[in-house]
Amino acid sequence: MTATRVLVLNSGSSSVKYQLLDMRDSSRLANGLVERIGEQSSRLKHTPLATGGESRERTGPIADHDAALKAVAEELAKDGLGLDSPELAAIGHRVVHGGKHFTQPTVIDGAVLAEIERLIPVAPLHNPANLTGIRTATALRPDLPQVAVFDTAFHTTMPEAAARYAIDVETADAHRVRRYGFHGTSHAYVSRATAKLLGKAPEEVNVIVLHLGNGASASAVEKGRCVDTSMGLTPLEGLVMGTRSGDTDPAVIFHLARVGEMSIDEIDTLLNKKSGLVGLCGDNDMREIRRRIDEGDERAKLAFDIYIHRLKKYIGAYYAVLGHVDAVAFTAGVGENAAPVREAAMAGLGSLGLAVDDGLNAVRGDEPRLISPAGARVAVAVVPTDEELEIATQTYALVKR
Ligand SMILES: Nc1ncnc2c1ncn2[C@@H]1O[C@H](COP(=O)(O)OP(=O)(O)O)[C@@H](O)[C@H]1O
Ligand SMILES: CC(=O)OP(=O)(O)O
Ligand SMILES: [Mg+2]
């Protein structure tokens, strides 16, 4: 029997999303989510898609990512899909920071682990969780290839003009300070899916991808290659996000340290966890923000306006970077679901050939779809991302013989 299944683990700072796929037809056998890891109220939700069974939930403390992954393995085993299955070909891991070094998916060995560990200072929220996921999975199946698929890989094609900060070159190089970009697996997948929606090859189109989830980033993709993206050294730069500030004057940090007497760690927490939408209005869920706006809440409206203003600036910037744009693609939780965000982001951009058709924008669905009016100069599209499928595809391509 040839092994054709791939388990994908996407370990975030306080969550693990997972999916088990059969790569013969890319069908999903099971998926799930463990959230609030490290809290008393952890929750695991598991859906056994292969058997068509009901989703199962367990709540109660799950101390760390190691315990989370063991709980996932137990749930999979209940459906006869345990990690001991001979049909499992590999485990694919999302690794957020791969630095400059990793441009391709990579089978993990000691040297790869060491490099991911060395990058912890530039991805303190993400890389430690990714490492625990890899170590636990390896302990459960030491015989299987474990593959790292890096968020940064797609962005390694950025030209130096986009990747370098304008700071002293020697200092920057000594500390590997440069723009790496993140969500690359999603930007790669969505830019290709957008080309397909237009009936073109990726090499034939220029696309602006707007990945708007809890973390959010934009990218400029020229003929299939990333030429700029909004996240930088860490996933803090760029757009306004659920809890992250995105762009600020770096002097805000000196000011808060000197005048506000805050420690560097306090400022780090402020900008990464207490800013963005949650800092502006107390909510980071776009559904809740829209509900509050409908009730006349001024703070929610201001938070929304700041979010949209920043998004528009990046759309304009990447339009200029690309020179010619074939499509703008909205993706991830907000991009796929929040019609008012798409409408507001495109409002007033008619002279750039950008517009949305209200009727098309209101349609909901899981398939890639156009929302621009017929005959528009630039296509505007909603293109659902699928980071897990992309990670599984890249993982399987690397290990199948
Ligand atoms: N129906 C919806 N309308 C508006 N926003 C939504 C909707 N569904 C999800 N979202 C937004 O999507 C976000 C999560 O996006 P997602 O891509 O899953 O993020 P992440 O992968 O970073 O956890 C939520 O915080 C919420 O703001
Ligand atoms: C890199 C990053 O921001 O990831 P996420 O959106 O999953 O937090
Ligand atoms: Mg995400």
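We count ligands from 1, going down the list as the structure has it; atoms in each ligand are counted the same way.
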Any N or O of [X] closer than 3.5 Å to N or O of ligand 1:
| X | result |
| --- | --- |
| M286 | yes |
| K17 | yes |
| G213 | no |

- Reported CG-to-CG distance for the pair N130 and L9, which is rounded to 0.5 angstrom: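 Here the rounded value is 10.0 Å.
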- Task: Could you list which atoms of ligand 1 come closer than 4.0 Å to a heavy atom of V334?
- Result: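 Atoms satisfying the 4.0 Å criterion: 11 (C), 12 (O), 27 (O).
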- Task: Under the salt bridge (charged side-chain N to carboxylate O under 4.0 Å, His left out) rule, collect the residues that match up with D249, sequence neighbours excluded.
- Result: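 With sequence neighbours excluded, D249 shows a salt bridge (charged side-chain N to carboxylate O under 4.0 Å, His left out) to no residue whatsoever.
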- Pull out every atom of ligand 2 sitting under 4.0 Å from any heavy atom of F182, numbered as shown with elements.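 Close to F182: 1 (C).
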- Does R364 approach ligand 1 within less than 4.0 angstrom via side chain, backbone, both or neither, non-hydrogen atoms only?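 Within the 4.0 Å criterion, R364 contacts ligand 1 through side-chain atoms alone.
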- Query: Given that the side chain starts at C-beta and the backbone is N, CA, C, O, which of these parts of N284 lies under 4.0 Å from ligand 1, counting heavy atoms, or is it both or neither?
  - Reply: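 The backbone, only.
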- Quick one: does N214 get within less than 4.0 Å of ligand 2, heavy atoms only?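 Judged by the 4.0 Å heavy-atom criterion, N214 does not count as contacting ligand 2.
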- Does a donor on one side chain and an acceptor on the other come within less than 3.5 Å for S27 and D25?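 Looking only at side-chain atoms, D25 and S27 do form a donor-acceptor pair, the distance falling under 3.5 Å.
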- Task: Return the option from R244, H126, M241 holding the heavy atom at the smallest distance from atom 3 (O) of ligand 2.
- Result: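 Among R244, H126, M241, the closest heavy atom to atom 3 (O) of ligand 2 comes from R244.
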